[in-house]
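Here the structure is laid out as C-alpha coordinates; the discussion comes afterwards.
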Number of protein chains: 2
Amino acid sequence: MTESKVISFEALRVACKNCSLATLCLPMGLTTDDVERLDDIVKRARPLHRGDHVFRNGERFHSLYVVKTGSVKTYAPSTEGGEHVLGFHLPGELIGLDAIEKEVHVCSATVLETSAICEVPFSRLVALSGRIPSLQHHIYRLLSKEIGHDTEMLLLLGKKSAEERLAAFLLSMSKRLHKRGLSPTDFYLSMSRHEIGNYLGLAVETVSRLFTRFQDEGLLKVDRKHVELLDLEAMEALVARAPVGDRRQRMS
Amino acid sequence: MTESKVISFEALRVACKNCSLATLCLPMGLTTDDVERLDDIVKRARPLHRGDHVFRNGERFHSLYVVKTGSVKTYAPSTEGGEHVLGFHLPGELIGLDAIEKEVHVCSATVLETSAICEVPFSRLVALSGRIPSLQHHIYRLLSKEIGHDTEMLLLLGKKSAEERLAAFLLSMSKRLHKRGLSPTDFYLSMSRHEIGNYLGLAVETVSRLFTRFQDEGLLKVDRKHVELLDLEAMEALVARAPVGDRRQRMS
DNA sequence: GACATTGCTTGATCCATGTCAAACGAATCT
DNA sequence: AGATTCGTTTGACATGGATCAAGCAATGTC
(Lines give C-alpha, C1' and ligand atoms only; values in the text may rest on other atoms or scores of the structure.)
Protein backbone atom coordinates (compact mmCIF):
# COMPACT_ATOMS: atom_id res chain seq x y z
CA MET A 1 0.00 0.00 0.00
CA THR A 2 2.40 2.59 1.29
CA GLU A 3 5.00 1.27 -1.08
CA SER A 4 2.94 1.67 -4.24
CA LYS A 5 2.12 5.20 -3.18
CA VAL A 6 5.81 6.01 -2.87
CA ILE A 7 6.47 4.51 -6.27
CA SER A 8 3.84 6.58 -8.02
CA PHE A 9 5.02 9.69 -6.23
CA GLU A 10 8.53 9.01 -7.43
CA ALA A 11 7.31 8.45 -10.95
CA LEU A 12 5.58 11.80 -10.93
CA ARG A 13 8.53 13.66 -9.55
CA VAL A 14 10.49 12.97 -12.72
CA ALA A 15 11.19 16.20 -14.55
CA CYS A 16 10.70 16.87 -18.28
CA LYS A 17 14.41 16.59 -18.89
CA ASN A 18 14.44 12.99 -17.70
CA CYS A 19 11.06 12.12 -19.15
CA SER A 20 10.96 9.19 -21.51
CA LEU A 21 8.33 11.02 -23.50
CA ALA A 22 10.73 13.84 -24.35
CA THR A 23 10.54 13.22 -28.07
CA LEU A 24 6.76 12.94 -28.10
CA CYS A 25 5.81 15.75 -25.80
CA LEU A 26 6.48 19.46 -25.85
CA PRO A 27 10.25 19.61 -25.37
CA MET A 28 11.00 18.20 -28.80
CA GLY A 29 13.66 20.26 -30.54
CA LEU A 30 14.48 22.46 -27.59
CA THR A 31 17.87 23.04 -25.99
CA THR A 32 18.59 21.60 -22.55
CA ASP A 33 18.33 25.07 -21.17
CA ASP A 34 14.91 25.63 -22.69
CA VAL A 35 13.64 22.35 -21.34
CA GLU A 36 14.70 23.41 -17.82
CA ARG A 37 12.61 26.53 -18.19
CA LEU A 38 9.68 24.52 -19.49
CA ASP A 39 10.20 22.22 -16.55
CA ASP A 40 9.51 25.06 -14.18
CA ILE A 41 6.02 25.71 -15.44
CA VAL A 42 4.76 22.12 -15.75
CA LYS A 43 2.75 20.93 -12.79
CA ARG A 44 2.75 17.21 -12.09
CA ALA A 45 -0.48 16.12 -10.51
CA ARG A 46 -1.26 13.10 -8.36
CA PRO A 47 -2.54 10.06 -10.27
CA LEU A 48 -6.15 10.00 -11.38
CA HIS A 49 -8.31 6.90 -11.26
CA ARG A 50 -10.66 5.35 -13.81
CA GLY A 51 -13.53 7.74 -14.46
CA ASP A 52 -11.88 10.80 -12.93
CA HIS A 53 -12.01 13.88 -15.09
CA VAL A 54 -9.00 15.85 -16.28
CA PHE A 55 -11.37 18.65 -17.28
CA ARG A 56 -15.00 19.03 -18.16
CA ASN A 57 -16.94 20.58 -20.96
CA GLY A 58 -17.75 24.20 -20.06
CA GLU A 59 -14.96 24.71 -17.54
CA ARG A 60 -12.75 27.69 -18.04
CA PHE A 61 -9.58 26.86 -19.93
CA HIS A 62 -6.32 27.40 -18.07
CA SER A 63 -4.03 24.55 -19.03
CA LEU A 64 -3.14 21.99 -21.60
CA TYR A 65 -2.57 18.48 -20.30
CA VAL A 66 -0.10 15.80 -21.28
CA VAL A 67 -0.79 12.16 -20.61
CA LYS A 68 2.23 10.84 -18.72
CA THR A 69 1.06 7.28 -18.03
CA GLY A 70 -2.25 5.53 -18.60
CA SER A 71 -4.83 6.69 -21.13
CA VAL A 72 -7.49 9.34 -21.53
CA LYS A 73 -10.74 9.59 -23.45
CA THR A 74 -12.00 12.94 -24.71
CA TYR A 75 -15.68 13.27 -25.50
CA ALA A 76 -18.41 15.77 -26.16
CA PRO A 77 -21.40 15.18 -23.88
CA SER A 78 -24.63 15.43 -25.84
CA THR A 79 -28.04 16.33 -24.61
CA GLU A 80 -30.11 13.20 -23.82
CA GLY A 81 -27.22 11.89 -21.73
CA GLY A 82 -25.31 10.41 -24.63
CA GLU A 83 -21.77 11.26 -25.57
CA HIS A 84 -19.61 11.54 -28.65
CA VAL A 85 -16.14 10.09 -28.16
CA LEU A 86 -13.58 12.36 -29.81
CA GLY A 87 -10.39 10.51 -29.14
CA PHE A 88 -8.23 8.23 -27.03
CA HIS A 89 -4.96 9.62 -25.79
CA LEU A 90 -1.80 7.74 -24.90
CA PRO A 91 1.30 8.81 -22.96
CA GLY A 92 3.02 11.81 -24.53
CA GLU A 93 -0.13 13.11 -26.15
CA LEU A 94 -1.44 16.58 -25.51
CA ILE A 95 -5.07 17.36 -24.80
CA GLY A 96 -7.10 20.53 -24.51
CA LEU A 97 -5.89 22.23 -27.71
CA ASP A 98 -9.45 22.82 -28.88
CA ALA A 99 -10.12 25.02 -25.84
CA ILE A 100 -7.62 27.77 -26.72
CA GLU A 101 -9.95 29.66 -29.02
CA LYS A 102 -12.92 30.15 -26.73
CA GLU A 103 -10.92 29.90 -23.49
CA VAL A 104 -13.47 27.33 -22.38
CA HIS A 105 -13.21 23.57 -22.60
CA VAL A 106 -15.46 22.40 -25.42
CA CYS A 107 -15.13 18.73 -24.55
CA SER A 108 -14.55 16.62 -21.46
CA ALA A 109 -11.57 14.41 -20.72
CA THR A 110 -11.80 11.38 -18.51
CA VAL A 111 -9.21 8.84 -17.51
CA LEU A 112 -9.70 5.25 -18.77
CA GLU A 113 -7.37 3.66 -16.23
CA THR A 114 -5.16 4.91 -13.41
CA SER A 115 -3.14 7.63 -15.11
CA ALA A 116 -0.68 10.41 -14.41
CA ILE A 117 -1.31 13.70 -16.14
CA CYS A 118 1.04 16.69 -16.46
CA GLU A 119 -0.58 20.10 -16.43
CA VAL A 120 0.86 22.88 -18.58
CA PRO A 121 -0.57 26.31 -17.69
CA PHE A 122 -1.26 27.84 -21.06
CA SER A 123 -0.59 31.48 -20.25
CA ARG A 124 2.83 30.56 -18.91
CA LEU A 125 3.48 28.42 -21.96
CA VAL A 126 2.55 31.33 -24.20
CA ALA A 127 4.80 33.66 -22.25
CA LEU A 128 7.65 31.21 -22.54
CA SER A 129 7.01 30.69 -26.24
CA GLY A 130 7.34 34.44 -26.73
CA ARG A 131 10.91 34.16 -25.52
CA ILE A 132 11.80 30.85 -27.16
CA PRO A 133 11.12 30.97 -30.92
CA SER A 134 11.66 27.24 -31.36
CA LEU A 135 9.02 26.56 -28.71
CA GLN A 136 6.62 28.93 -30.42
CA HIS A 137 7.12 27.18 -33.71
CA HIS A 138 6.77 23.83 -32.04
CA ILE A 139 3.38 24.81 -30.67
CA TYR A 140 2.26 25.83 -34.14
CA ARG A 141 3.31 22.42 -35.38
CA LEU A 142 1.50 20.65 -32.56
CA LEU A 143 -1.72 22.47 -33.32
CA SER A 144 -1.30 21.80 -37.03
CA LYS A 145 -0.68 18.14 -36.31
CA GLU A 146 -3.94 17.96 -34.42
CA ILE A 147 -5.72 19.44 -37.44
CA GLY A 148 -4.06 16.86 -39.67
CA HIS A 149 -5.20 14.09 -37.37
CA ASP A 150 -8.77 15.36 -37.32
CA THR A 151 -8.69 15.48 -41.10
CA GLU A 152 -7.77 11.80 -41.23
CA MET A 153 -10.68 11.00 -38.94
CA LEU A 154 -12.96 12.99 -41.22
CA LEU A 155 -11.95 10.74 -44.09
CA LEU A 156 -12.44 7.67 -41.94
CA LEU A 157 -15.92 8.65 -40.80
CA GLY A 158 -17.03 10.13 -44.09
CA LYS A 159 -15.81 7.55 -46.54
CA LYS A 160 -14.79 4.26 -44.95
CA SER A 161 -16.72 1.09 -44.18
CA ALA A 162 -17.09 -0.33 -40.68
CA GLU A 163 -14.41 -2.92 -41.39
CA GLU A 164 -11.94 -0.28 -42.58
CA ARG A 165 -12.67 1.92 -39.58
CA LEU A 166 -11.96 -0.76 -37.03
CA ALA A 167 -8.82 -1.88 -38.87
CA ALA A 168 -7.60 1.73 -39.00
CA PHE A 169 -8.31 2.14 -35.31
CA LEU A 170 -6.37 -0.99 -34.36
CA LEU A 171 -3.44 -0.02 -36.56
CA SER A 172 -3.39 3.47 -35.10
CA MET A 173 -3.23 2.00 -31.61
CA SER A 174 -0.55 -0.41 -32.74
CA LYS A 175 1.65 2.34 -34.19
CA ARG A 176 1.23 4.67 -31.27
CA LEU A 177 2.02 1.95 -28.74
CA HIS A 178 5.04 0.90 -30.77
CA LYS A 179 6.40 4.47 -30.70
CA ARG A 180 6.21 4.26 -26.92
CA GLY A 181 8.35 1.14 -26.87
CA LEU A 182 5.51 -1.33 -26.45
CA SER A 183 4.57 -4.25 -28.65
CA PRO A 184 2.79 -3.20 -31.83
CA THR A 185 1.06 -6.56 -32.08
CA ASP A 186 0.14 -7.46 -28.53
CA PHE A 187 -1.67 -5.00 -26.32
CA TYR A 188 -4.58 -4.28 -24.03
CA LEU A 189 -7.33 -1.86 -24.99
CA SER A 190 -8.25 0.39 -22.12
CA MET A 191 -11.58 1.39 -23.65
CA SER A 192 -14.83 -0.59 -23.95
CA ARG A 193 -16.39 -1.84 -27.18
CA HIS A 194 -19.07 0.74 -26.65
CA GLU A 195 -16.48 3.52 -26.58
CA ILE A 196 -14.72 2.17 -29.65
CA GLY A 197 -18.01 2.04 -31.53
CA ASN A 198 -18.98 5.51 -30.45
CA TYR A 199 -15.59 6.84 -31.54
CA LEU A 200 -15.81 5.15 -34.94
CA GLY A 201 -19.44 6.00 -35.57
CA LEU A 202 -20.53 2.36 -35.27
CA ALA A 203 -22.94 0.40 -33.06
CA VAL A 204 -21.40 -1.71 -30.29
CA GLU A 205 -22.78 -4.82 -31.94
CA THR A 206 -21.01 -4.01 -35.18
CA VAL A 207 -17.69 -3.61 -33.37
CA SER A 208 -18.18 -6.88 -31.57
CA ARG A 209 -19.07 -8.71 -34.78
CA LEU A 210 -16.07 -7.24 -36.57
CA PHE A 211 -13.73 -8.43 -33.83
CA THR A 212 -15.04 -11.96 -34.20
CA ARG A 213 -14.88 -11.72 -37.99
CA PHE A 214 -11.30 -10.48 -37.93
CA GLN A 215 -10.47 -13.32 -35.60
CA ASP A 216 -12.16 -15.89 -37.86
CA GLU A 217 -10.20 -14.52 -40.81
CA GLY A 218 -6.95 -14.93 -38.89
CA LEU A 219 -6.21 -11.21 -38.80
CA LEU A 220 -6.01 -11.13 -35.02
CA LYS A 221 -6.69 -12.92 -31.78
CA VAL A 222 -8.89 -11.19 -29.26
CA ASP A 223 -9.84 -12.02 -25.70
CA ARG A 224 -11.76 -9.32 -23.92
CA LYS A 225 -9.48 -6.29 -23.84
CA HIS A 226 -6.43 -8.21 -24.96
CA VAL A 227 -5.67 -7.97 -28.68
CA GLU A 228 -2.98 -9.72 -30.68
CA LEU A 229 -2.57 -8.54 -34.24
CA LEU A 230 -1.51 -11.51 -36.36
CA ASP A 231 -1.39 -9.98 -39.82
CA LEU A 232 -0.44 -6.33 -39.90
CA GLU A 233 0.06 -6.42 -43.67
CA ALA A 234 -3.44 -7.63 -44.41
CA MET A 235 -4.75 -5.02 -42.03
CA GLU A 236 -2.81 -2.24 -43.73
CA ALA A 237 -4.20 -3.45 -47.04
CA LEU A 238 -7.71 -3.14 -45.62
CA VAL A 239 -7.36 0.48 -44.59
CA ALA A 240 -5.43 1.50 -47.72
CA ARG A 241 -8.41 0.60 -49.88
CA ALA A 242 -9.91 3.44 -51.87
CA PRO A 243 -12.74 5.15 -50.01
CA VAL A 244 -16.22 3.72 -50.49
CA GLY A 245 -17.70 6.15 -52.99
CA ASP A 246 -14.58 5.99 -55.16
CA ARG A 247 -14.79 2.31 -55.81
CA ARG A 248 -17.48 2.85 -58.44
CA GLN A 249 -15.63 4.50 -61.30
CA ARG A 250 -12.13 3.19 -61.75
CA MET A 251 -9.82 5.60 -63.51
CA SER A 252 -7.86 4.63 -66.62
CA MET B 1 -12.65 43.81 -70.88
CA THR B 2 -10.04 46.41 -70.05
CA GLU B 3 -12.42 47.98 -67.59
CA SER B 4 -13.11 44.80 -65.61
CA LYS B 5 -9.39 44.19 -65.45
CA VAL B 6 -8.84 47.59 -63.90
CA ILE B 7 -11.60 46.98 -61.42
CA SER B 8 -10.21 43.68 -60.22
CA PHE B 9 -6.75 45.18 -60.01
CA GLU B 10 -8.11 47.97 -57.85
CA ALA B 11 -9.93 45.50 -55.67
CA LEU B 12 -6.74 43.59 -55.08
CA ARG B 13 -4.68 46.63 -54.29
CA VAL B 14 -6.74 47.22 -51.18
CA ALA B 15 -4.57 46.79 -48.10
CA CYS B 16 -5.39 44.82 -44.96
CA LYS B 17 -6.15 47.99 -43.07
CA ASN B 18 -8.98 48.84 -45.43
CA CYS B 19 -10.13 45.28 -45.92
CA SER B 20 -13.74 44.57 -45.15
CA LEU B 21 -12.66 41.20 -43.81
CA ALA B 22 -10.58 42.77 -41.06
CA THR B 23 -12.60 41.22 -38.27
CA LEU B 24 -12.61 37.79 -39.85
CA CYS B 25 -9.07 37.52 -41.04
CA LEU B 26 -5.74 37.74 -39.29
CA PRO B 27 -5.66 41.36 -38.14
CA MET B 28 -8.38 40.88 -35.53
CA GLY B 29 -7.34 42.40 -32.24
CA LEU B 30 -4.21 44.10 -33.54
CA THR B 31 -3.28 47.76 -33.29
CA THR B 32 -3.29 49.91 -36.42
CA ASP B 33 0.46 49.84 -36.32
CA ASP B 34 0.61 46.07 -36.21
CA VAL B 35 -1.78 45.79 -39.11
CA GLU B 36 0.51 47.97 -41.17
CA ARG B 37 3.36 45.61 -40.51
CA LEU B 38 1.20 42.64 -41.37
CA ASP B 39 0.23 44.48 -44.50
CA ASP B 40 3.83 44.49 -45.63
CA ILE B 41 4.14 40.73 -45.70
CA VAL B 42 0.83 39.82 -47.34
CA LYS B 43 1.03 39.25 -51.07
CA ARG B 44 -2.08 39.91 -53.10
CA ALA B 45 -2.25 37.66 -56.11
CA ARG B 46 -4.12 38.08 -59.39
CA PRO B 47 -7.56 36.49 -59.47
CA LEU B 48 -7.84 32.76 -60.01
CA HIS B 49 -10.51 31.14 -62.17
CA ARG B 50 -12.76 28.17 -61.59
CA GLY B 51 -10.67 25.03 -61.27
CA ASP B 52 -7.36 26.81 -60.69
CA HIS B 53 -5.40 25.55 -57.74
CA VAL B 54 -4.25 27.64 -54.81
CA PHE B 55 -1.92 24.80 -53.81
CA ARG B 56 -1.69 21.08 -54.36
CA ASN B 57 -1.25 18.06 -52.19
CA GLY B 58 2.46 17.29 -51.86
CA GLU B 59 3.75 20.78 -52.66
CA ARG B 60 6.16 22.30 -50.22
CA PHE B 61 4.42 24.56 -47.70
CA HIS B 62 5.43 28.21 -47.75
CA SER B 63 2.32 30.23 -47.16
CA LEU B 64 -1.11 30.32 -45.66
CA TYR B 65 -3.84 31.71 -47.88
CA VAL B 66 -6.85 33.86 -47.13
CA VAL B 67 -9.88 33.88 -49.38
CA LYS B 68 -10.54 37.50 -50.26
CA THR B 69 -13.44 37.06 -52.69
CA GLY B 70 -15.07 33.99 -54.20
CA SER B 71 -14.83 30.53 -52.67
CA VAL B 72 -12.40 27.68 -52.36
CA LYS B 73 -12.71 23.93 -51.95
CA THR B 74 -10.07 21.93 -50.09
CA TYR B 75 -9.84 18.22 -50.75
CA ALA B 76 -7.62 15.21 -50.32
CA PRO B 77 -7.08 13.41 -53.61
CA SER B 78 -7.43 9.66 -53.16
CA THR B 79 -5.91 6.92 -55.21
CA GLU B 80 -8.34 5.67 -57.88
CA GLY B 81 -8.85 9.27 -58.97
CA GLY B 82 -11.50 10.03 -56.40
CA GLU B 83 -11.32 12.83 -53.89
CA HIS B 84 -12.41 13.58 -50.36
CA VAL B 85 -13.78 17.09 -49.96
CA LEU B 86 -12.52 18.56 -46.69
CA GLY B 87 -14.16 21.94 -46.71
CA PHE B 88 -15.54 24.97 -48.50
CA HIS B 89 -14.00 28.31 -47.70
CA LEU B 90 -15.56 31.73 -47.92
CA PRO B 91 -14.01 35.23 -47.90
CA GLY B 92 -12.00 35.87 -44.75
CA GLU B 93 -11.24 32.22 -44.13
CA LEU B 94 -7.73 30.92 -43.82
CA ILE B 95 -6.50 27.78 -45.55
CA GLY B 96 -3.34 25.71 -45.36
CA LEU B 97 -3.14 25.41 -41.57
CA ASP B 98 -2.84 21.64 -41.77
CA ALA B 99 0.43 21.96 -43.71
CA ILE B 100 2.43 23.63 -40.93
CA GLU B 101 3.41 20.42 -39.20
CA LYS B 102 4.96 18.52 -42.09
CA GLU B 103 5.89 21.64 -44.10
CA VAL B 104 4.13 19.99 -47.02
CA HIS B 105 0.58 20.54 -48.19
CA VAL B 106 -1.46 17.51 -47.18
CA CYS B 107 -4.49 18.53 -49.21
CA SER B 108 -5.24 20.47 -52.37
CA ALA B 109 -7.16 23.71 -52.66
CA THR B 110 -9.05 24.68 -55.78
CA VAL B 111 -11.16 27.70 -56.58
CA LEU B 112 -14.90 27.13 -57.12
CA GLU B 113 -15.49 30.41 -58.93
CA THR B 114 -13.37 33.40 -59.91
CA SER B 115 -11.69 34.31 -56.65
CA ALA B 116 -9.02 36.54 -55.18
CA ILE B 117 -6.66 34.97 -52.70
CA CYS B 118 -4.21 36.68 -50.35
CA GLU B 119 -0.96 34.86 -49.69
CA VAL B 120 0.63 35.06 -46.24
CA PRO B 121 4.22 33.73 -46.22
CA PHE B 122 4.34 31.63 -43.09
CA SER B 123 7.96 32.19 -42.10
CA ARG B 124 7.40 35.93 -42.20
CA LEU B 125 4.19 35.58 -40.24
CA VAL B 126 6.04 33.54 -37.63
CA ALA B 127 8.82 36.13 -37.45
CA LEU B 128 6.25 38.87 -37.02
CA SER B 129 4.35 36.91 -34.41
CA GLY B 130 7.57 36.62 -32.41
CA ARG B 131 7.57 40.39 -32.10
CA ILE B 132 3.83 40.93 -31.69
CA PRO B 133 2.50 38.86 -28.78
CA SER B 134 -1.12 39.55 -29.63
CA LEU B 135 -0.53 38.23 -33.14
CA GLN B 136 1.12 35.12 -31.77
CA HIS B 137 -1.82 34.48 -29.49
CA HIS B 138 -4.20 35.15 -32.33
CA ILE B 139 -2.55 32.47 -34.43
CA TYR B 140 -2.91 30.00 -31.58
CA ARG B 141 -6.58 30.84 -31.46
CA LEU B 142 -6.99 30.47 -35.21
CA LEU B 143 -5.42 27.03 -35.15
CA SER B 144 -7.50 26.05 -32.16
CA LYS B 145 -10.61 27.27 -33.93
CA GLU B 146 -9.85 25.04 -36.85
CA ILE B 147 -9.58 22.08 -34.49
CA GLY B 148 -12.92 23.00 -32.98
CA HIS B 149 -14.47 23.14 -36.40
CA ASP B 150 -13.07 19.76 -37.37
CA THR B 151 -14.45 18.36 -34.14
CA GLU B 152 -17.92 19.53 -35.10
CA MET B 153 -17.58 17.84 -38.46
CA LEU B 154 -16.52 14.66 -36.71
CA LEU B 155 -19.78 14.71 -34.78
CA LEU B 156 -21.71 15.42 -37.96
CA LEU B 157 -20.14 12.56 -39.90
CA GLY B 158 -20.01 10.12 -37.03
CA LYS B 159 -23.42 10.55 -35.50
CA LYS B 160 -25.87 12.44 -37.70
CA SER B 161 -28.34 11.30 -40.36
CA ALA B 162 -28.23 12.46 -43.97
CA GLU B 163 -31.05 14.92 -43.32
CA GLU B 164 -29.26 16.45 -40.33
CA ARG B 165 -26.01 16.71 -42.27
CA LEU B 166 -27.51 18.63 -45.14
CA ALA B 167 -29.46 20.90 -42.81
CA ALA B 168 -26.29 21.59 -40.82
CA PHE B 169 -24.40 22.33 -44.00
CA LEU B 170 -27.01 24.79 -45.23
CA LEU B 171 -27.19 26.53 -41.87
CA SER B 172 -23.42 26.78 -41.72
CA MET B 173 -23.40 28.43 -45.14
CA SER B 174 -26.22 30.68 -44.07
CA LYS B 175 -24.43 31.87 -40.93
CA ARG B 176 -21.10 32.36 -42.61
CA LEU B 177 -22.63 34.35 -45.45
CA HIS B 178 -24.58 36.43 -42.99
CA LYS B 179 -21.39 37.34 -41.11
CA ARG B 180 -20.08 38.65 -44.42
CA GLY B 181 -23.05 40.96 -44.82
CA LEU B 182 -24.95 38.78 -47.26
CA SER B 183 -28.44 37.37 -46.94
CA PRO B 184 -28.63 34.39 -44.58
CA THR B 185 -31.69 33.07 -46.35
CA ASP B 186 -31.06 33.68 -50.04
CA PHE B 187 -27.80 32.63 -51.65
CA TYR B 188 -26.05 30.76 -54.42
CA LEU B 189 -24.06 27.62 -53.76
CA SER B 190 -20.78 27.66 -55.64
CA MET B 191 -20.25 23.92 -55.30
CA SER B 192 -21.98 21.05 -57.10
CA ARG B 193 -24.31 18.49 -55.51
CA HIS B 194 -21.56 15.97 -56.02
CA GLU B 195 -19.15 18.07 -53.96
CA ILE B 196 -21.71 18.63 -51.23
CA GLY B 197 -22.38 14.92 -51.03
CA ASN B 198 -18.71 14.08 -50.96
CA TYR B 199 -18.14 16.62 -48.19
CA LEU B 200 -21.01 15.29 -46.12
CA GLY B 201 -20.25 11.63 -46.69
CA LEU B 202 -23.40 11.11 -48.79
CA ALA B 203 -24.16 9.98 -52.35
CA VAL B 204 -25.12 12.68 -54.87
CA GLU B 205 -28.52 11.08 -55.23
CA THR B 206 -29.17 11.39 -51.52
CA VAL B 207 -28.29 15.08 -51.55
CA SER B 208 -30.57 15.67 -54.51
CA ARG B 209 -33.46 13.79 -52.90
CA LEU B 210 -33.01 15.72 -49.66
CA PHE B 211 -33.16 19.03 -51.47
CA THR B 212 -36.45 18.06 -53.04
CA ARG B 213 -37.74 16.70 -49.75
CA PHE B 214 -36.81 19.90 -47.88
CA GLN B 215 -38.56 21.85 -50.60
CA ASP B 216 -41.69 19.69 -50.38
CA GLU B 217 -41.72 20.21 -46.62
CA GLY B 218 -41.53 23.97 -47.09
CA LEU B 219 -38.14 24.30 -45.44
CA LEU B 220 -36.59 25.92 -48.47
CA LYS B 221 -36.90 26.73 -52.13
CA VAL B 222 -34.19 25.52 -54.44
CA ASP B 223 -33.48 26.10 -58.12
CA ARG B 224 -30.17 24.73 -59.31
CA LYS B 225 -27.51 26.57 -57.30
CA HIS B 226 -29.92 29.12 -55.90
CA VAL B 227 -31.20 28.36 -52.40
CA GLU B 228 -33.77 30.23 -50.35
CA LEU B 229 -34.13 29.12 -46.76
CA LEU B 230 -37.75 29.56 -45.73
CA ASP B 231 -37.76 28.18 -42.20
CA LEU B 232 -34.49 28.65 -40.34
CA GLU B 233 -36.10 27.64 -37.05
CA ALA B 234 -37.28 24.28 -38.29
CA MET B 235 -33.87 23.71 -39.79
CA GLU B 236 -32.11 24.54 -36.52
CA ALA B 237 -34.44 22.12 -34.77
CA LEU B 238 -33.38 19.43 -37.23
CA VAL B 239 -29.66 19.77 -36.54
CA ALA B 240 -30.09 20.22 -32.79
CA ARG B 241 -31.60 16.76 -32.51
CA ALA B 242 -29.70 14.31 -30.35
CA PRO B 243 -27.21 12.26 -32.36
CA VAL B 244 -28.49 9.04 -33.89
CA GLY B 245 -27.15 6.48 -31.43
CA ASP B 246 -28.35 8.52 -28.47
CA ARG B 247 -31.98 8.47 -29.45
CA ARG B 248 -32.37 4.93 -28.12
CA GLN B 249 -32.11 5.28 -24.36
CA ARG B 250 -33.62 8.43 -23.01
CA MET B 251 -32.26 9.49 -19.63
CA SER B 252 -34.49 10.17 -16.65
C1' DG C 1 -28.62 24.30 -84.76
C1' DA C 2 -27.52 19.49 -84.02
C1' DC C 3 -24.73 16.96 -80.80
C1' DA C 4 -21.80 15.92 -76.83
C1' DT C 5 -20.98 16.52 -72.25
C1' DT C 6 -21.96 17.38 -67.66
C1' DG C 7 -24.83 17.96 -63.68
C1' DC C 8 -29.18 17.02 -61.61
C1' DT C 9 -33.28 14.41 -60.61
C1' DT C 10 -36.17 10.37 -60.01
C1' DG C 11 -37.31 5.49 -59.56
C1' DA C 12 -36.21 0.60 -58.34
C1' DT C 13 -33.47 -2.39 -55.84
C1' DC C 14 -29.99 -4.00 -52.59
C1' DC C 15 -27.09 -4.24 -48.76
C1' DA C 16 -24.32 -2.71 -44.82
C1' DT C 17 -25.21 -1.51 -40.66
C1' DG C 18 -28.43 -0.09 -37.09
C1' DT C 19 -31.92 -1.75 -33.93
C1' DC C 20 -34.15 -4.98 -30.99
C1' DA C 21 -33.84 -8.99 -28.12
C1' DA C 22 -31.80 -12.45 -25.50
C1' DA C 23 -28.25 -14.99 -23.31
C1' DC C 24 -23.79 -15.31 -21.30
C1' DG C 25 -19.48 -14.45 -18.86
C1' DA C 26 -16.82 -11.52 -15.92
C1' DA C 27 -16.57 -8.47 -12.37
C1' DT C 28 -18.47 -6.40 -8.23
C1' DC C 29 -21.36 -6.29 -4.18
C1' DT C 30 -23.61 -8.32 0.00
C1' DA D 1 -21.40 -18.36 -2.56
C1' DG D 2 -25.22 -16.12 -4.52
C1' DA D 3 -27.04 -12.03 -6.55
C1' DT D 4 -26.64 -8.02 -9.32
C1' DT D 5 -24.77 -5.44 -12.75
C1' DC D 6 -22.24 -4.43 -16.71
C1' DG D 7 -19.90 -5.41 -20.93
C1' DT D 8 -19.88 -8.52 -24.66
C1' DT D 9 -21.55 -11.66 -27.97
C1' DT D 10 -24.87 -13.60 -31.13
C1' DG D 11 -29.16 -13.94 -33.74
C1' DA D 12 -33.21 -12.02 -36.20
C1' DC D 13 -35.04 -8.27 -38.38
C1' DA D 14 -35.63 -3.44 -40.17
C1' DT D 15 -34.11 0.44 -42.72
C1' DG D 16 -31.44 4.44 -44.32
C1' DG D 17 -28.86 5.39 -47.70
C1' DA D 18 -25.86 3.43 -51.49
C1' DT D 19 -26.00 1.61 -55.90
C1' DC D 20 -27.75 0.88 -60.41
C1' DA D 21 -30.23 2.72 -64.21
C1' DA D 22 -32.70 5.95 -66.93
C1' DG D 23 -34.19 10.28 -68.37
C1' DC D 24 -33.82 15.35 -68.42
C1' DA D 25 -32.13 20.05 -68.29
C1' DA D 26 -28.29 23.21 -68.83
C1' DT D 27 -24.05 24.27 -71.00
C1' DG D 28 -20.53 23.93 -74.23
C1' DT D 29 -18.68 22.43 -79.07
C1' DC D 30 -18.18 22.25 -83.86
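Atoms considered below: every heavy atom in the structure, side chains included; atoms not considered: hydrogens, waters and symmetry mates. Every chain is numbered from 1 and lettered A, B, ... according to where its sequence line falls, protein lines coming before strand lines. Because the structure is a prediction, the values reported are computed rather than measured.
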Exercise. How does each nucleotide of nucleotides 7-13 of chain D score, in 5' to 3' order, for protein heavy atoms under 4.0 Å: base (B), sugar-phosphate only (S), or none (-)?
Worked result: -SBBBB-
Please report, rounded to the nearest Å, how far the [atom2] atom of [N] is from the [atom1] atom of [X].
X: A/L166; N: C/dG18; atom1: CG; atom2: P; result: 12 Å
X: B/H226; N: C/dC8; atom1: NE2; atom2: P; result: 16 Å
X: B/N198; N: D/dG17; atom1: CG; atom2: P; result: 17 Å
X: B/I196; N: C/dT9; atom1: CD1; atom2: P; result: 9 Å
X: A/E163; N: C/dC15; atom1: CD; atom2: C1'; result: 14 Å
X: B/L210; N: D/dG16; atom1: CG; atom2: C1'; result: 11 Å
X: B/R213; N: C/dG11; atom1: CZ; atom2: C1'; result: 16 Å
X: A/L202; N: C/dT19; atom1: CG; atom2: C1'; result: 14 Å

Problem set entry | Where B/F214 and B/E163 come nearest, the two heavy atoms and their spacing | CZ-O, 3.6 Å
Exercise. What's the shortest heavy-atom distance between A/L232 and A/S174, and which atoms?
Worked result: CD2-OG, 4.2 Å
Exercise. Where does the angle between the aromatic ring planes of B/H105 and B/F61 fall among parallel (under 30°), tilted (30 to 60°) and perpendicular (over 60°)?
Worked result: perpendicular
Exercise. In degrees rounded to 10°, what angle is found between the helical axes fit to the five outermost pairs at each end of the helix from C/dG1-D/dC30 to C/dT30-D/dA1?
Worked result: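 The angle separating the two end axes equals 40°.
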Problem set entry | Salt-bridge present (A/R180, A/E93; N to O < 4.0 Å) |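 Salt bridge: yes.
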For this session: Please identify each residue that fulfils side-chain hydrogen bond (donor to acceptor under 3.5 Å, both in side chains) with A/S108, with sequence neighbours left out.
Result: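 Applying side-chain hydrogen bond (donor to acceptor under 3.5 Å, both in side chains) to A/S108 gives none.
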Enclosure of [X] [atom1] (heavy-atom neighbours >12, cutoff 6.0 Å):
X: A/H178; atom1: NE2; result: no
X: B/H53; atom1: NE2; result: yes
X: A/K225; atom1: NZ; result: yes

For this session: List the steps and the verdict of side-chain hydrogen bond (donor to acceptor under 3.5 Å, both in side chains) for B/S161 and B/E164.
Result: CA-CA 5 Å; B/S161 70; B/E164 290 161 333; 3.2 Å; yes
Exercise. Base, sugar-phosphate alone, or nothing: which one does A/G197 contact when heavy atoms must sit under 4.0 Å apart?
Worked result: nothing
